[in-house]
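Working notes, structure below.
We count residues from 1, following the sequence as given. Ligands are counted one by one from 1 in listed order, and the atoms in each one are counted from 1 as well.
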Amino acid sequence: MSCLFCKIIEGTIPAQAVYQDELAFAFSDINPKAPVHLLIVPREHIASLNDANNDKRELLGHLLWVAADIAEKKGLGKGYRVVVNTGEDGGQTVDHLHLHMLGGRPLTWPPG
Ligand code: 5GP
Ligand code: ZN
């Protein structure tokens, strides 16, 4: 498997892990855009949100639950943002489904 995030999940490529369970893995983004910038990924390789079929609905919900759980534990009580860049226009550069979790400063809207 040549996928970068699969390699991070299996430990071949190092990353700063912040959360893991049997379904999900979360780690710090290598190029943070906010004081807190994490990536939450399913352990299973799913290329993008568009590749998550019906049988992944529970897993998708779990990933959002992980975001809220991390927010509580990291003290992001003032708020945060969860983003899923999807496809070319969405700015997705790594083809393994991931939630960006950004926080620790006020975030502007809309994104570019
Ligand atoms: P995308 O552009 O696909 O939405 O997000 C990919 C994210 O992965 C980017 O924010 C980028 O900084 C991050 N990233 C790329 N390569 C690595 C890496 O080797 N390690 C970590 N921790 N993050 C990475
Ligand atoms: Zn992968």
Next item on the list: State if Leu39 counts as touching ligand 1 under the rule of any non-hydrogen atom under 4.0 Å.
Entry: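 It does; at least one heavy atom falls under 4.0 Å.
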Next item on the list: Mark the output for Val84 as yes if a heavy-atom distance to ligand 1 is under 4.0 Å, and as no if none is.
Entry: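 Val84: no contact with ligand 1 (<4.0 Å).
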May I ask you to identify, for [X], whether its side chain, its backbone, both or neither come under 4.0 Å of ligand 1 on a heavy-atom basis?
{"X": "His98", "result": "side chain"}
{"X": "Ile13", "result": "neither"}
{"X": "Asn85", "result": "side chain"}

So which protein heavy atom does [atom] come closest to, and at what separation?
{"atom": "atom 14 (N) of ligand 1", "value": "Ile30 CG2, 3.8 Å"}
{"atom": "atom 8 (O) of ligand 1", "value": "Phe5 CZ, 3.5 Å"}
{"atom": "atom 2 (O) of ligand 1", "value": "Thr93 OG1, 2.7 Å"}
{"atom": "atom 11 (C) of ligand 1", "value": "Asp29 OD1, 3.4 Å"}
{"atom": "atom 16 (N) of ligand 1", "value": "Leu4 CD2, 3.3 Å"}
{"atom": "atom 22 (N) of ligand 1", "value": "Ser28 O, 2.9 Å"}

Validation row: [X], [Y] side chains within 4.5 angstrom (heavy atoms):
{"X": "Leu97", "Y": "Val84", "result": "yes"}
{"X": "Pro42", "Y": "Leu23", "result": "no"}
{"X": "Ile40", "Y": "Ile70", "result": "yes"}
{"X": "His100", "Y": "Lys33", "result": "no"}

Notebook entry, point to check: Are His37 and Asn31 linked by a side-chain donor-acceptor pair shorter than 3.5 Å?
Noted result: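 Result is no, nothing qualifies.
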Notebook entry, point to check: Do the rings of Phe25 and Phe27 sit parallel, tilted or perpendicular, given the 30° and 60° boundaries?
Noted result: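 Tilted: the ring planes of Phe25 and Phe27 meet at 30° to 60°.
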Those atoms of ligand 1 less than 4.0 Å from some heavy atom in [X]:
{"X": "Gly91", "result": "1 (P), 2 (O), 4 (O)"}
{"X": "Asn31", "result": "12 (O)"}
{"X": "Ile8", "result": "20 (N)"}

Item checked: Atom name, His96 (N, O or S, nearest to the Zn ion (ligand 2)) ->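 This residue's closest N, O or S atom turns out to be ND1.
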Note to self: Nearest N/O/S atom of His45 with respect to the Zn ion (ligand 2), by atom name, please.
What the structure shows: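 Output for this pair reads ND1.
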Checklist line | Best match, His100, His96, Gln92: closest heavy atom to atom 4 (O) of ligand 1 | finding: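 The residue whose heavy atom sits nearest atom 4 (O) of ligand 1 is His100.
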